[in-house]
Each structure stands twice: as C-alpha cells, then as structure tokens.
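Before any comments, here is the structure.
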Amino acid sequence: MSESQTAPVSDLPRAWPFEEARKLADHVAQRDTASAGGDARPALLETGYGPSGLPHIGTFGEVARTSWVRQAYTALTGRPSRLLAFSDDMDALRKVPDNVPQREMLEKFIGQPLSRVPDPFGTHDSFAAHNNARLRAFLDGFGFEYEFASSTDYYTSGRFDAALKRVLEVHDEILAVILPTLGPDRRATYSPVLPLHPRTGEVMQVKMDAIDPVAGTVRWTDPASGEVFETPVTGGHAKMQWKADWAMRWYALGVDYEMSGKDLIDSVRLSGRICKILGGTAPAGLTYELFLDDKGQKISKSKGNGLSVEEWLRYAPPESLGQFMFNQPQRAKRLYFDVIPKTADDYLAHAEKACTQQAQNPTGAELRANPAWFILKGQVGPQACSPVPFGMLLNLASVANADTPEVLWGFIRRYDAAVSPETHPMLACLVKHAVAYYADFVRPAKTFRAPTDMERAALADLAECLRGYEGDAPDAAALQNLVFEVGKRHGFEPLRAWFGCLYEVLLGQKEGPRFGGFVALYGVGETIALIDAALLRDRQD
RNA sequence: GAGCCGGUAGCUCAGUCGGUAGAGCAUUCGACUUUUAAUCGAAUGGUCGAGGGUUCGAGUCCCUCCCGGCUCACCA
C-alpha cells in the first residue's frame with residue numbers, strides 16, 4: 001500500500017522536501033497497517049520550541065522546512081496532515097536570560113516551570129505565555145499554517161496521562177537505556193520522571209524511591225527537608241525529563257515526522273529507543289546542519305553572533321530568507337550579511353522560472369522541484385517576481401548614492417517608464433531593502449578622497465551656482481551644462497578629471513552617474529549639502 | 001572517544017538519472033557616451049583533496065586514506 005511501490009521514482013520531483021514526504025508517507029502507511037483496527041489519522045508533523053527565550057532564526061528554519069515537507073506530502077499523497085508547534089513551556093527556568101527586565105525577580109523563580117514564572121514584561125500571565133505569544137506572532141508573520149500546543153496544557157489537561165502511566169510500567173527498561181549514557185554522578189540522581197514539589201512548585205530532579213504503575217504515582221524524598229512525598233505522575237503533577245519527554249510525546253501524540261539539528265543526533269537515537277519501549281514508533285525525520293557565522297563558528301543565541309531574522313528582513317524580503325533555508329539543509333552554511341544579495345537573486349531567478357513552469361505544466365515535477373514553489377506556498381505568479389535583480393539595485397544604489405527609495409526609483413523609471421511601486425510590489429520591496437543595505441554596508445566602506453585646492457575652489461563655485469539654481473524645477477540637461485561650465489571655468493584638463501573629482505570626493509567612488517541627471521534626481525539642495533559636507537570634512541582632517 | 005558535514009576557477013559557491021567542467025564576483029579588453037555610469041559582448045582562469053575499484057565512460061557510485069570545520073559526551 002506504500003506509495004513508494006506504486007509511484008514511479010522518476011515522477012518524484014527532485015527536491016529534498018519530496019524525499020522527506022516519501023519517508024513520511026511510508027511512516028504513515030506503516031503505522032496504519034500495524035494498528036489492529038487501522039490508523040487513518042492525518043499525518044502529524046511536529047516542531048519543538050523552548051520558551052526560555054525568544055524565537056530565533058533556527059525556529060524559523062525548522063518551521064519553514066517542516067512546512068515544505070508537509071506541502072510536498074500533500075502534493076504527493078493528497079492526504080490530510082497537521083503541523084503541531086509544540087512549546088515545552090513546563091520546562092524549568094534554568095537561568096535568567098540577560099535580555100529581559102526584572103532579572104532579580106526572575107532569579108527567585110529558578111527551578112519553577114516556565115509557565116509558572118511571572119512575565120517580566122508584565123503583559124501575559126506567565127513568562128512562558130509571553131514567549132509563546134511572541135512565537136505565534138512570529139510564525140503568523142510568515143503566514144505559516146500550524147496548530148500551537150502548550151506542554152503545560154497537555155500535561156494538566158490529562159492528555160498525556162495514559163502515556164505517563166505507560167512510562168511507569170516500563171520505567172526500569174527506560175532507565176536501562178538512559179543510565180549508560182550518563183556520567184556516574186548524574187546517574188545517581190537521574191529520573192525520567194520529574195515530580196513537581198507540592199508546596200514550592202519546583203521541578204524536582206531527584207531519584208525516585210519507588211514507582212507504583214498501578215496507582216500511577218512515584219515516591220521521592222525532598223533533599224531539603226527530608227520529607228517524603230507520593231506524587232501522581234498524571235494531571236500535571238509531574239513532567240518528563242528531556243529525552244524521555246520527547247519520546248513520551250511522540251508516543252502519546254503519534255508524531256509521524258520531526259526534524260532536528262545535528263547537535264541532537266544522539267538524543268534522537270535515544271528518544272527513538274524509549275519510544276519503542278513504550279510501544280510506539282519513532283517519527284521519520286531529517287537531521288539538518290547548524291548555521292555558522294562569518295568566521296565559521298556555530299551561531300548561538302547567547303553569543304549573539306551570526307544573524308537574526310530581524311536583521312535579515314531589514315535587507316531583503318522574507319522570500320529570500322526562505323530561499324536560504326531551502327538550500328541544502330544538510331549542509332552547514334555561513335549565515336551572514338554578505339550572503340543576502342546572492343540569496344535574494346537566487347530566489348528571484350527561481351520565482352521567474354516558476355512562472356514559466358506554471359504556464360507549461362501547473363502540476364509538473366519541474367515546478368514542484370522549484371524552491372519558489374515551496375517558498376510561495378504554491379502561489380507562483382508575477383507579483384512574486386521583479387524585473388530588476390537585487391544585485392543590480394545594489395549597484396545602482398551605490399553608483400547613485402541612493403539614500404532614499406525615491407532616488408532609486410528615479411533611475412529605474414528612466415530605465416523603464418512602465419515600472420512603478422504599484423505595478424511591481426516585489427521590486428518596490430527590493431528597492432527599500434537595497435537602500436538599507438547600501439546605507440549600512442556599502443556606503444561606510446567607501447573612501448572619500450580629499451579635494452585639491454583647485455578642486456576645492458571649483459566645488460565651492462559649483463555649490464554657489466546650484467544655490468542660484470534652487471527654486472527652479474530641476475532639469476537634468478540644464479544642470480549638466482551648469483556642471484560642465486564650472487569645470488571649464490576652473491580649467492580642468494582634460495575635463496573628465498573634473499567629473500572624476502566629483503565622484504571620488506562626493507560619492508567615494510571612481511565612477512558615477514551622469515552628474516546633471518544625478519543632481520536632478522538626488523535634489524539640488526541635497527547636492528549642495530553633499531558638497532558643503534565634503535569641504536567641511538576635509539578642513540577637519 | 002563517538003558522530004555529522006565539507007574539499008570543484010584568485011574568492012564565494014552550483015553541478016539534477018554516471019555522458020564534452022558552470023555561475024556570480026574579481027582581473028583584462030571591447031561596445032555605448034558632451035565626462036562617467038545601471039547595460040551588453042569577449043577573454044583569462046580548473047590534476048574536481050589523494051589513491052584504488054565498478055563502468056564503454058566517474059566531479060557524480062563503492063572502498064581506503066589525507067586535510068579542514070562542526071557537534072555530542074553537563075543542560076534542554
């Protein structure tokens with residue numbers, strides 16, 4: 001019944017999400033046939049999130065990639081599926097993050113479940129609720145389709161109760177699997193079940209004195225007081241420790257697919273074994289590589305190296321970030337500012353091609369192997385394309401010293417009068433980003449030469465002439481003549497040296513646009529300010 | 001110690017079912033021009049880390065090795 005036996009391999013689009021969708025389809029088929037009465041639940045894909053911090057670029061990557069597997073699964077099988085974004089908000093607060101207010105208040109709640117820690121921002125019922133809301137807003141901003149799940153809700157509502165009792169039944173087997181992987185000191189206190197302290201609410205990391213699978217309780221001793229407690233594992237009175245928690249969740253919910261970073265390879269293996277002990281089947285999944293910063297170091301939230309989602313989106317549209325995540329998930333990639341332009345143009349090339357492929361065969365393998373088909377969630381079309389590549393816009397911004405989108409648009413219109421922000425929304429978006437990228441990365445790297453005495457006099461003269469010009473409607477040809485006249489008047493020989501001076505002193509580059517046209521678009525007053533600043537800057541040196 | 005990934009042009013990288021090695025940038029030359037420029041054309045540049053195997057044919061598949069990077073082994 002497996003699709004892999006019926007569908008010819010050559011029809012499978014050659015894109016990694018389809019390879020993954022195949023694995024997922026096989027997994028679903030297997031659990032359906034393995035179950036006595038059949039198991040026709042929708043395919044369940046899960047992504048995990050730890051709400052001790054804010055969502056970051058890795059969170060985006062995992063949800064985006066999982067969504068693409070889901071999209072491929074739908075295209076491949078036509079069968080229903082769900083994507084569960086699971087927040088482990090019952091996890092204990094281990095240390096106070098350094099980017100939040102009220103840190104001394106939070107200090108008192110170390111060891112408490114995140115869902116019981118007050119919100120330091122004061123906007124939600126708990127710290128976890130705050131971060132969960134941030135996660136949802138973040139995911140919604142990208143238009144992801146998902147169901148949100150709170151670990152605390154699942155535990156307290158009893159949705160995990162049956163699975164938790166099952167854990168007690170096979171408790172010793174689970175221990176036997178986990179203990180050999182731990183160091184001797186950790187082994188002494190390890191328990192897969194973590195009861196919550198009935199009075200303090202703290203997540204207790206102590207050895208269990210006794211397990212009662214029939215009553216569904218554990219007995220343990222409070223190391224602080226010596227007091228002995230008998231705690232039910234059900235109803236949110238206890239939670240599971242990390243790897244066992246993952247396994248229990250896979251088992252309880254019947255997760256069919258979950259991807260994870262390569263740092264979790266051992267955890268996936270171990271959780272899979274525990275899941276099997278419980279009587280379930282570990283989900284299918286993909287191990288992705290981690291991102292590196294500009295120096296090839298692993299990106300971590302605490303170090304703050306690499307690049308945040310916000311930073312990327314300042315310099316390029318979200319589709320380009322999707323393109324980055326789509327490319328070779330199993331390969332380590334540098335995630336830094338300088339990859340943005342190339343990635344953006346990669347996306348644009350794919351989006352362009354997708355339009356053609358859509359027209360030729362809207363359900364063909366070629367279109368479905370196109371990254372843009374995934375990134376655009378199947379909504380391929382000219383609105384997602386741009387007639388001008390991003391790299392060209394950056395060049396243009398640099399040449400024209402474009403510090404506002406309007407300047408850039410002036411040049412673009414001269415290039416093609418039919419193009420406007422209204423007719424080409426993607427281009428409008430790219431223009432804004434190109435200006436930002438230029439301002440932050442290109443312009444600071446420019447070197448502005450100091451003018452010679454002769455040039456200084458000519459520049460002052462030009463500024464004076466422009467002041468006289470102010471008020472009139474800017475005319476490129478008249479301004480060009482004016483610039484030309486000033487150059488001749490000051491005896492530049494050849495005259496091209498005068499223009500070279502303008503570019504090197506005012507724009508910090510060897511070449512530039514036709515200067516009259518530049519002044520008309522850039523603004524007469526703005527150009528005067530540019531000259532004044534250059535003369536002043538030189539005087540201070 | 002265990003595991004993952006990589007090594008292709010000066011740089012960053014792509015290379016689909018095994019079929020004459022590609023792109024961008026950089027460099028050089030040319031076209032366009034009141035001076036310059038978004039652009040276009042061309043040239044230069046490779047022992048595909050090394051060795052062996054399979055094959056009519058290997059950057060691509062298999063094995064061994066070398067080099068580099070990362071991850072895990074405390075927590076999640």
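A note on names: the letters A, B, ... follow the listed sequences, proteins ahead of strands, and every chain is numbered from 1.
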Report summary line: Sorted by chain and residue number, the side-chain contact (heavy atoms from CB on, under 4.5 Å) partners of Glu289(A) (sequence neighbours excluded) come out as Lys262(A), Ala332(A)
Report summary line: Stems field, RNA chain B, Watson-Crick or wobble, 3.5 Å, at least 3 pairs, by first number, holds B:1-7 with B:66-72, B:10-13 with B:22-25, B:27-31 with B:39-43, B:49-53 with B:61-65
Requested in this report: Please state whether the rings of Phe324(A) and Phe291(A) are parallel, tilted or perpendicular, taking 30° and 60° as the class boundaries.
Outcome: tilted
Requested in this report: Measure from the ring center of His433(A) to the ring center of Trp312(A) and say whether it is less than 6.0 Å.
Outcome: no
Report task. For Asn481(A), answer base if it contacts any base atom (sugar-phosphate contacts may also be present), sugar-phosphate if it contacts only those atoms, and nothing otherwise; contact means non-hydrogen atoms under 4.0 Å. Result -> base
**Report entry** 5′-ward residue of the pair Asp266(A)/Ile412(A) relative to RNA chain B
**Finding:** Ile412(A)
Report summary line: Atom CZ of Phe411(A) and atom C1' of A37(B) are separated, to the nearest Å, by 9 Å
Query raised in the report: Distance between the C1' atoms of A58(B) and A50(B), in whole angstroms?
Result: 16 Å
Report task. Round to a whole Å and report the spacing from CZ of Arg334(A) to C1' of G68(B). Result -> 16 Å
Query raised in the report: So, is Arg331(A) close to the A14(B) phosphate, meaning a side-chain N or O under 4.0 Å from OP1 or OP2?
Result: yes
Query raised in the report: Using a cut-off of 4.0 Å on non-hydrogen atoms, how would the nucleic acid contact of Glu485(A) be classed: base, sugar-phosphate, or nothing?
Result: nothing
Query raised in the report: Hey, does Ile265(A) reach any base, or is it just sugar-phosphate, or nothing, if we go heavy atoms under 4.0 Å?
Result: sugar-phosphate
Requested in this report: Would you indicate what Gly487(A) reaches in the nucleic acid, counting non-hydrogen atoms under 4.0 angstrom: base, sugar-phosphate, or nothing?
Outcome: nothing
Report task. Using the P atom as the reference point in each nucleotide, state the distance between U28(B) and A38(B) in Å, no decimals. Result -> 15 Å
Query raised in the report: With a 3.5 Å cut-off and just heavy-atom distances, do the side chain of Gln480(A) and the base of U34(B) make a donor-acceptor pair?
Result: no
Report task. Provide, to the nearest angstrom, the distance between the CG atom belonging to Asp346(A) and the C1' atom belonging to G15(B). Result -> 14 Å
Query raised in the report: Please give, in whole Å, the distance from G6(B) P to Leu290(A) CG?
Result: 14 Å
Report summary line: Atom CG of Asp245(A) and atom P of A76(B) are separated, to the nearest Å, by 10 Å
Query raised in the report: Which whole number of Å gives the distance between the P atom of C32(B) and that of G41(B)?
Result: 16 Å
Query raised in the report: Between G69(B), U34(B), U71(B), which one does the side chain of Phe484(A) approach most closely?
Result: U34(B)
Report task. Could you check which of U36(B), U39(B), A76(B) has an atom nearest any side-chain atom of Ser267(A)? Result -> A76(B)
Requested in this report: With P as the reference atom in both, quote the distance from G49(B) to C11(B) in angstrom, rounded to an integer.
Outcome: 14 Å
Query - Selection from A38(B), U35(B), U16(B) that lies nearest to any side-chain heavy atom of Met392(A) - result: A38(B)
Requested in this report: Could you give the distance separating G6(B) and G15(B) at their C1' atoms, to the nearest angstrom?
Outcome: 16 Å
Requested in this report: Could you measure between the two P atoms, the one in G10(B) and the one in U27(B), and give it in whole Å?
Outcome: 15 Å
Requested in this report: Using whole Å, report how far CG of Leu270(A) lies from P of U71(B).
Outcome: 21 Å
Report task. Could you work out which one of A38(B), A76(B), U35(B) sits closest to the side chain of Arg94(A)? Result -> A76(B)
Requested in this report: Measure up the Tyr155(A) and Phe160(A) rings against each other and bin them: parallel (under 30°), tilted (30 to 60°), perpendicular (over 60°).
Outcome: perpendicular
Report task. Evaluate the ring planes of Trp16(A) and Trp68(A), with Trp represented by its six-membered ring, and classify them as parallel (under 30°), tilted (30 to 60°) or perpendicular (over 60°). Result -> perpendicular
Query raised in the report: P atom, C29(B) versus U47(B): distance in rounded Å?
Result: 26 Å
Query raised in the report: At under 4.0 Å, does any side-chain N or O of Gln241(A) touch on OP1 or OP2 of A76(B)?
Result: yes
Report task. Could you tell me whether C63(B) is syn or anti, where syn means a glycosidic angle within 90 degrees of zero? Result -> anti
Query raised in the report: With under 30° as parallel and over 60° as perpendicular, where do the rings of Phe518(A) and Phe515(A) fit, or are they tilted in between?
Result: tilted
Report task. Would you check if there is a donor-acceptor pair between the side chains of Asn327(A) and Gln323(A) at a distance under 3.5 Å? Result -> yes
Query - Phe390(A) and Tyr437(A) aromatic ring geometry - parallel, tilted or perpendicular at 30°/60° bounds - result: perpendicular
Report task. Whole angstrom is fine here: how far is it from CG in Leu507(A) over to C1' in U36(B)? Result -> 11 Å
Report task. Please test Asp91(A) against Arg94(A) for salt bridge (Lys or Arg N to Asp or Glu O under 4.0 Å), starting from the C-alpha separation and ending with a verdict. Result -> CA-CA 9 Å; Asp91(A) 188 34; Arg94(A) 291 172 202 280; 2.8 Å; yes
Requested in this report: Check whether NZ of the Lys or CZ of the Arg Arg249(A) lies under 6.0 Å from the centre of the six-membered ring of Phe86(A) and within 45 degrees of that ring's axis.
Outcome: yes
Query raised in the report: Under 4.0 angstrom, heavy atoms only, what part of the nucleic acid is Leu393(A) near: base, sugar-phosphate, or nothing?
Result: nothing
Query raised in the report: According to the interplanar angle, ranging from 0 to 90°, do the rings of Tyr315(A) and Phe337(A) count as parallel (below 30°), tilted (30 to 60°) or perpendicular (above 60°)?
Result: perpendicular
Requested in this report: Measure distances between side-chain N and O atoms of Lys262(A) and base N and O atoms of C5(B), and say whether any donor-acceptor pair falls under 3.5 Å.
Outcome: no
**Report entry** Aromatic Tyr257(A) / basic Lys23(A) pairing, under 6.0 angstrom, 45° off normal
**Finding:** no
**Report entry** Euclidean distance for P, G7(B) against U60(B) (whole angstrom)
**Finding:** 11 Å
Query raised in the report: How would nucleotides 22-29 of chain B be written as a contact map, 5' to 3', with B for base contact, S for sugar-phosphate-only contact and - for no contact, using protein heavy atoms under 4.0 Å?
Result: --------
Report task. Return the value, rounded to whole Å, for the distance between atom CH2 of Trp242(A) and atom C1' of A76(B). Result -> 6 Å
Query raised in the report: For RNA chain B, whose closest nucleotide is more 5', that of Leu182(A) or that of Val339(A)?
Result: Val339(A)
